[in-house]
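Read the numbers this way: they start at 1 and go in the same order the structure lists the ligands and their atoms.
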Amino acid sequence: MELRLHDTLTREKRTFVPLDPNNVRMYVCGPTVYDFAHIGNARPVIVFDVLFRLLRHLYGEAHVKYVRNITDVDDKINDRAARDFPGLPLNEAIRKVTEQTGKQFHADVDALGALRPSVEPRATEHIAEMREIIERLVAGGFAYVAEDHVLFSPQAMNAANASLPRYGALSNRSLDEMVAGARVDVAPYKKGNTDFVLWKPSKPGEPSWPSPAGITAEGRPGWHVECSAMAWKHLGEHFDIHGGGIDLVFPHHENELAQTCCAFHQQRMANYWMHNGFLQVESEKMSKSLGNFITIRELLADWPGEVLRLNMLKTHYRSPIDWTMKSLEESAKTLDDWYRVAADVEPGRPAVSVVEPLLDDLNTSLAIAALHSLRGSDVPALAGSLRLLGFLSESAAQWEGRKQQASGVDVQEVERLISERTAARSRKDFKESDRIRDLLAAMGVAIKDSKDGTTWEIAR
Ligand code: AMP
Ligand code: ZN
């Protein structure tokens, strides 16, 4: 069985062949840390966690390196710092904001059952690598200095004779069209209207570092070069997989690719570019103004993280996903059931029927359909497969206990009422047994009778 992945650059599904099977390397663009992450941000976290787990399953845990960065240089961070800590010098305030939101992000994604990446580099710790890349780009004629800025020229890239990829290839755009369609009011120091910033001067009070390319004033990096630098430092000039949300294809990934390939004279930056589709909430674009903006943290107050994880994986990663309350409720029921039947069972090997669709460009929706079939046929394989996908991190009792705690139900009282009801049923006092059932329902408890006795759960 071989792994096939869809590559955004070549627009096809190809067999995955790692550059080095002893060191499979993946980079995913992480969050900009200035506030609680929203449920859309959870999508790449969960999708690429499944890929990370699958790669570890195929190549061995010690042979996969997963890098997900933390962007801690950004205007939104500066604004938040000035607003939340007005009494502090800006640099200290920024550190407070990024520390706090970094911690929140970790707590959230841990709860979603996502493994920590092998390395989580911060932009502020890689300024030297950014400067080095910028120096190389200037020396190679791909970038120039203007009014204390350094700008990258896509036109210089496409005019170069070297065996470089074409600017625009990833996002499937032509540079000529981009030039024609660009805004007219571009900054006066730009030679071409599609040129983008590698480095810029810092405003007074903003974080700043010594500049590259002979610029005397201190400055700060542009966003795209941050990822080129962190990927280079931790994965090298050319690696296997680069991922992120579909919104990052242009300009972020197009520009990252351009910078890295031109700086290192490479035909490729990553061999496979993977992008997750966008998440909408109840069929609408998530936005603060529409009032349907949901953070991971808010959802975790009502649902276990694994429910959010299952709900995310029901849709194939490249399709758009509509996040609805109805679907969440179904995911919660499914997971309750799987916990009951499989959490305390010795896990077997993950089933072929689950692994095979995963190998086909991470088809988690088909894999989940296969899990449903395993429930009736092979519970140890169900348990092993669920673990491969990052589920069943708790015992059945822990799972049930946490839910009951959250619901405030008195477990002993429920158990007492159920045995009273069983006694009533065995003496055929159905009026009494119905009364107790209604009483339990009013407490938010649903019961289910089967030949093995009565089970109960918190009704949603
Ligand atoms: P940001 O912090 O906005 O740079 O986003 C971090 C990650 O979340 C990136 O990979 C984005 O592509 C991804 N992302 C942001 N919003 C959504 C969304 N609504 N649906 C899916 N992915 C998203
Ligand atoms: Zn990035």
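Around the Zn ion (ligand 2), the two atoms OE2 of Glu256 and NE2 of His252 are separated by an angle of 70°, to 10 degrees.
With 3.5 Å as the limit, one finds no donor-acceptor pair spanning the side chains of Asp74 and Thr71.
At distances below 3.5 Å, not a single donor-acceptor pair connects side-chain atoms of Glu256 with backbone N or O atoms of His224.
Between Phe16 and Tyr59, the angle of the ring planes goes over 60°, which puts this pair in the perpendicular group of the 30/60° scheme. Ring geometry for Phe152 versus Phe196: interplanar angle under 30°, hence parallel rather than tilted (30 to 60°). Relative orientation of the His372 and Trp338 rings is tilted, given thresholds of 30° and 60° on the angle between their planes.
His224 lies apart from the Zn ion (ligand 2) in this respect, since none of its N, O or S atoms is found at a distance under 2.8 Å. Between the Zn ion (ligand 2) and Cys227 there is an N/O/S contact shorter than 2.8 Å.
Remark: of the listed residues Arg220, Arg80, Lys203, Arg220 is the sole one forming a salt bridge (charged side-chain N to carboxylate O under 4.0 Å, His left out) with Asp75.
Contact residues for ligand 1 (protein heavy atom closer than 4.0 angstrom to any ligand atom): Cys29, Gly30, Pro31, Thr32, His38, Gly40, Asn41, Pro44, Gly244, Gly245, Asp247, Leu248, Asn276, Gly277, Phe278, Leu279.
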Next item on the list: Any chance you could lay out the side-chain hydrogen bond (donor to acceptor under 3.5 Å, both in side chains) test for Asp247 and His252, step after step, and finish with the verdict?
Entry: CA-CA 9 Å; Asp247 57 319; His252 186 52; over 6 Å; no
